[in-house]
Asks: 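Just passing along the structure, written as C-alpha cells.
So you know, we letter chains A, B, ... as the sequences are listed, proteins then strands, and number each from 1.
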Amino acid sequence: MKILVPVKRVLDYNVKARVKVDGSGIDLANVKMSMNPFDEIALEEAIRIKEKGNAEEIIAVSIGVQQNQETLRTALAMGADRAILVVAADDVHNDIEPLTVANILAAIALKEGPSLILCGKQAIDNDFNATAQMLSAKLKWSQATFASEIDVKKDMVRVTREVDGGLQTIDAKIPAVVSVDLRLNEPRYASLPNIMKAKRKPLEEISPADLGVEITQRLKIIKTKEPDSREAGLILENIDQLVEKIQENVGG
Amino acid sequence: MKILVLAEINNGELAEDQTSKTVSAAATLGKVDVLCASSQCSDASTKITKMENVENVLVLEDELFAQSLAESYSETLIDTINSYSHVFAPSSSFGKNVLPRIGGMLDVMVISDVSKVISEDTFERPVYAGNALQTVQSVDKVKLISVRTSNYSAVPLTGSANIKKIDCKSNNTLTTFIENKMQTSDRPELTSAKVVVSGGRGVGSKENFEIIEGLADKLGAAVGASRAAVDSGFAPNDWQVGQTGKVVAPDLYVAVGISGAIQHLAGMKDSKVIVAINKDEEAPIFQVADFGLVDDLFKAVPEIEKKV
C-alpha cells in the first residue's frame with residue numbers, strides 16, 4: 001500500500017513569532033523555516049510502517065511556495081520515496097487555508113490512490129487543527145484524529161486517540177485519514193548519506209490548476225496583533241510568603 | 001441568523017462546563033438551539049434546558065452517538081446542521097474532531113479556537129501558539145466556530161428551553177469504537193478547575209511528579225504539566241497545558257519547575273494569579289508570574305504542602 005504524508009513548511013519551532021508592524025501578519029522574511037513538528041511525527045510513523053513491511057511507498061506532499069522544496073528534501077532524506085510540490089503561492093506570507101489544502105490533497109489522493117494519509121494534527125503557525133478532518137470528509141474516508149498509537153491491519157487501521165480525559169481506541173476502515181499527536185513517536189534525524197541520496201529522489205512540481213483546484217480564502221485576515229502582555233510580578237523572599245499568597249488566592 | 005451549539009456528551013454524561021461556556025460564547029449573537037446527541041440524553045438534555053439563552057434542545061437519542069465519533073455527526077446530521085447560519089462547538093478534543101469534518105462536508109472553513117466573538121462574521125483567535133491574536137472575517141454561508149472555552153464564563157441556569165426530538169437515518173460504516181481508557185481521578189477537571197498545580201521538566205521523573213500531585217490534592221487542584229514534562233514521560237498527555245495541550249485560566253496557577261516556554265505560556269497566561277517556583281531566577285516564567293520563588297522545588301513544594 002501507499003502512504004501519503006502532507007508536510008507543511010512553517011516558522012521553526014524554536015523561533016519566536018513576531019507580529020509585523022503594520023499588523024498584517026507574522027514576519028516570515030529571513031527567519032528559519034522548518035517542517036511542521038506534527039508532520040515530522042506523521043512522516044516518521046509512515047516510515048516505521050514501511051519498515052515493518054506494511055507499506056511499499058511513501059509520498060510526501062507540500063503545498064506553498066517554491067522554497068517548500070527544502071522541506072520535501074528533508075522528508076526524502078528521512079525516508080519518503082518521492083515528493084510532490086504544489087506551488088500555490090509566491091509569497092511565504094500567503095498561508096493556504098486548510099479547506100483549500102484539503103481540496104488539493106483530495107485531488108492528489110484520487111490520482112495516487114494511497115490507502116492511508118498520515119497528517120500532523122495541526123500546523124504550529126495557523127493552529128487550525130483542521131486539514132485531516134476536512135480531507136477525510138472530502139474523500140468520504142474514515143477519520144482518526146490525535147493518534148498516539150497506530151496499528152495497520154488488513155482492511156482497517158486501529159488507532160488509539162488522545163482525547164480529553166484519556167485514550168480512545170477506534171478501528172478506521174482503510175482508506176483512512178489519520179492525524180497524529182505528540183506522543184506517537186520521536187522522529188529520526190536524517191543521516192548525511194540519506195541527505196545525499198535524497199537529492200536524487202524524484203520531486204515533481206505541479207500547480208493547483210493542474211489538479212483543477214482553485215485557491216480560495218474564506219477567512220479574510222483583518223488584523224494581527226500581539227496579545228496583551230503580563231507584567232512580571234514580585235519575587236518573594238521565602239516559602240512562608242509564598243504560602244500566604246497561595247492561601248490568599250485559593251478559592252478567591 | 002440561526003445559531004446551533006453542539007453539546008459535548010461523553011457516555012451519556014454532559015460535559016457541562018465546556019457546553020455551557022460554548023453556549024455563553026454563541027449567545028453573544030442571540031438565542032441558540034443546542035444539539036444533544038448521545039446514546040442517553042435525558043440527564044444531559046434536562047441540564048441544557050436550564051441554560052440561559054437556549055431556546056430549543058434538539059434531542060437525538062441513538063446508540064450511534066454513544067462515543068461522539070466524527071462520522072456519526074457528519075454523515076447523518078449534515079442537513080440539520082446546514083439549516084443554521086452559525087454552528088458552535090467547544091474547542092475540546094470532541095469539537096476539534098467533529099467540526100472540521102462538518103466543514104469539509106459543507107465546503108466551509110472552520111474558525112478554530114475562537115477567543116472572542118466580535119460580530120456575526122468576525123472573530124478573534126490566537127495563532128502561533130498564542131504569540132499573536134488574529135481577527136478574521138468569514139465569507140462562508142455557514143460559520144463553524146470552535147470556542148476557546150477558558151475565555152468565557154458558564155451561563156446561569158435560569159432558562160427553560162423546549163425539547164424537540166429529532167431522528168437520524170443513516171449509519172456510520174467508516175469507524176468502529178473499540179474502547180475507552182479514561183483516567184479516573186477525584187481531582188477537578190483541568191480546563192474548569194479553580195486551581196491548577198503544574199510541573200515541568202525540572203520535576204525530573206514520573207515518581208517525582210507525586211510531589212506536584214501532593215500539593216494539588218492539598219489545594220483541591222487539578223494537575224497540569226508542561227510539554228517538556230509530557231515529552232519526557234513524567235506525565236500523561238492529557239495533563240499537558242499549552243498550545244499543543246489544554247488552555248486553562250484558573251483563579252490560581254502554580255507553575256513548579258517550569259521554565260516558561262512560549263508554547264506553555266500560551267496555555268496558561270490568562271490565569272488570574274500565577275505563582276512560579278523555579279531554581280533558575282532567569283527562567284522566563286518569572287516574566288509572567290505575579291509571585292515568584294527562586295528555590296529548589298524538592299525542598300520548597302513539600303514544605304508548602306505542609307503549611308497551606
Asks: Please tell me if the side chains of P227(A) and K269(B) come closer than 4.5 Å, counting only heavy atoms from C-beta onward.
Replies: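 The answer is yes; the side chains approach within 4.5 Å.
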
Asks: On a heavy-atom basis, which atom in T175(B) and which in S142(A) lie closest, and how many Å separate them?
Replies: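 T175(B) and S142(A) have their closest heavy atoms at CG2-CB, 3.9 Å.
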
Asks: So what's closer than 4.5 Å to chain A heavy atoms on Q263(B): side chain, backbone, both or neither?
Replies: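 When you check distances to chain A, only side chain atoms of Q263(B) fall under 4.5 Å.
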
Asks: Taking the side chain as every heavy atom from C-beta outward, state whether K96(B) and T145(A) have any atom pair closer than 4.5 Å.
Replies: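 Side-chain contact under 4.5 Å: no.
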
Asks: Is any side-chain heavy atom of M134(A) closer than 4.5 Å to one of V110(B)?
Replies: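 Contact flag for V110(B)/M134(A) side chains = yes.
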
Asks: Whether the side chain of S93(B) engages the backbone of D164(A) through a donor-acceptor N/O pair (distance < 3.5 Å, no angle test) should be reported.
Replies: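 Judged by distance alone, yes, a pair lies under 3.5 Å.
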
Asks: For the residue pair Q240(B) and L182(A), what are the closest heavy atoms and their distance?
Replies: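 So the minimum-distance heavy-atom pair works out to NE2-CD2, 3.6 Å.
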
Asks: List the atom pairs, donor and acceptor, that lie under 3.5 Å between side-chain atoms in residues 289-306 of chain B and the rest of the protein, sequence neighbours left out.
Replies:
{"unit_1": "D290(B)", "atom_1": "OD2", "unit_2": "R230(A)", "atom_2": "NH2", "d": "2.8"}
{"unit_1": "D290(B)", "atom_1": "OD2", "unit_2": "I274(B)", "atom_2": "N", "d": "2.7"}
{"unit_1": "D295(B)", "atom_1": "OD1", "unit_2": "K299(B)", "atom_2": "NZ", "d": "3.4"}
{"unit_1": "D295(B)", "atom_1": "OD2", "unit_2": "K299(B)", "atom_2": "NZ", "d": "3.1"}
{"unit_1": "D296(B)", "atom_1": "OD1", "unit_2": "F298(B)", "atom_2": "N", "d": "3.3"}
{"unit_1": "E303(B)", "atom_1": "OE2", "unit_2": "K307(B)", "atom_2": "NZ", "d": "2.9"}

Asks: Would you say D107(B) and K138(A) make side-chain contact, with heavy atoms under 4.5 Å?
Replies: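 Sidechains of K138(A) and D107(B): in contact.
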
Asks: So, taking the atom named CG in D228(A) and the one named CG in L133(B), what distance separates them when rounded to the nearest 0.5 Å?
Replies: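 D228(A) CG to L133(B) CG: 7.5 Å, rounded to 0.5 Å.
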
Asks: Checking heavy atoms, do the side chain of S74(B), its backbone, both or neither come under 4.5 Å from chain A?
Replies: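 S74(B) has no heavy atom closer than 4.5 Å to chain A.
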
Asks: Do L69(B) and I170(A) touch side chain to side chain, with heavy atoms closer than 4.5 Å?
Replies: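 They are in side-chain contact.
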
Asks: By a 4.5 Å heavy-atom criterion (distance strictly below it), what part of I277(B) contacts chain A: side chain, backbone, both, or neither?
Replies: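 It is the side chain, since no backbone atom gets that close.
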
Asks: Would you say the side chains of N97(B) and Q143(A) form a donor-acceptor pair under 3.5 Å?
Replies: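 Distance-only check passes for N97(B) and Q143(A).
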
Asks: Under a 4.5 Å cut-off applied to non-hydrogen side-chain atoms, are N237(B) and L167(A) in contact?
Replies: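 Answer no - side chains too far apart.
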
Asks: When rounded to the nearest 0.5 angstrom, what distance separates CD1 in I124(A) from OH in Y128(B)?
Replies: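 Interatomic distance, I124(A) CD1 to Y128(B) OH, rounded to 0.5 Å: 8.5 Å.
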
Asks: Less than 4.5 Å to any heavy atom of chain A: does that hold for the side chain of Q137(B), its backbone, both, or neither?
Replies: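 Both backbone and side chain.
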
Asks: Of all the residues in residues 213-222 of chain A, which have a heavy atom that comes within less than 4.5 Å of a heavy atom in chain B?
Replies: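 Within residues 213-222 of chain A, the residues under 4.5 Å from chain B are Q217(A), R218(A), L219(A), K220(A), I221(A), I222(A).
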
Asks: Is D231(B) in contact with chain A via its backbone, its side chain, both, or neither, using a 4.5 Å heavy-atom distance?
Replies: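 For D231(B), side-chain heavy atoms alone lie under 4.5 Å from chain A.
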
Asks: Is there side-chain contact between I235(A) and E281(B), with heavy atoms separated by less than 4.5 Å?
Replies: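 SC-SC contact between I235(A) and E281(B) ruled out.
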
Asks: Any side-chain donor paired with an acceptor under 3.5 Å for K272(B) and N249(A)?
Replies: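 Distance-only check fails for K272(B) and N249(A).
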
Asks: To the closest 0.5 Å, what do you measure between CD (E71(B)) and OG (S136(A))?
Replies: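 Between atom CD of E71(B) and atom OG of S136(A) there are 6.0 Å.
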
Asks: Just how far is it from atom CG of L174(B) to atom NZ of K173(A), taken to the nearest 0.5 Å?
Replies: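 The CG atom of L174(B) sits 6.5 Å away from the NZ atom of K173(A).
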
Asks: With rounding to the nearest 0.5 Å, note down the distance linking CD in Q134(B) to CG in D127(A).
Replies: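 Here the rounded value is 10.0 Å.
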
Asks: At a 4.5 Å cut-off on heavy atoms, which part of D270(B) comes close to chain A: side chain, backbone, both, or neither?
Replies: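 Interface part for D270(B): backbone (N, CA, C, O).
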
Asks: For W141(A) and R101(B), work out which heavy atoms get closest and say how close.
Replies: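 Heavy-atom minimum between the residues: O-NH2, 3.0 Å.
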
Asks: If I take atom NZ from residue K245(A) and atom CG from residue L252(B), how far apart are they, to the nearest 0.5 angstrom?
Replies: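 CG of L252(B) is found 12.0 Å from NZ of K245(A).
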
Asks: Quick one: closest heavy-atom pair of V163(A) and D238(B), and the distance?
Replies: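 Looking at all heavy atoms of both residues, the closest pair is O-CB, 4.2 Å.
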
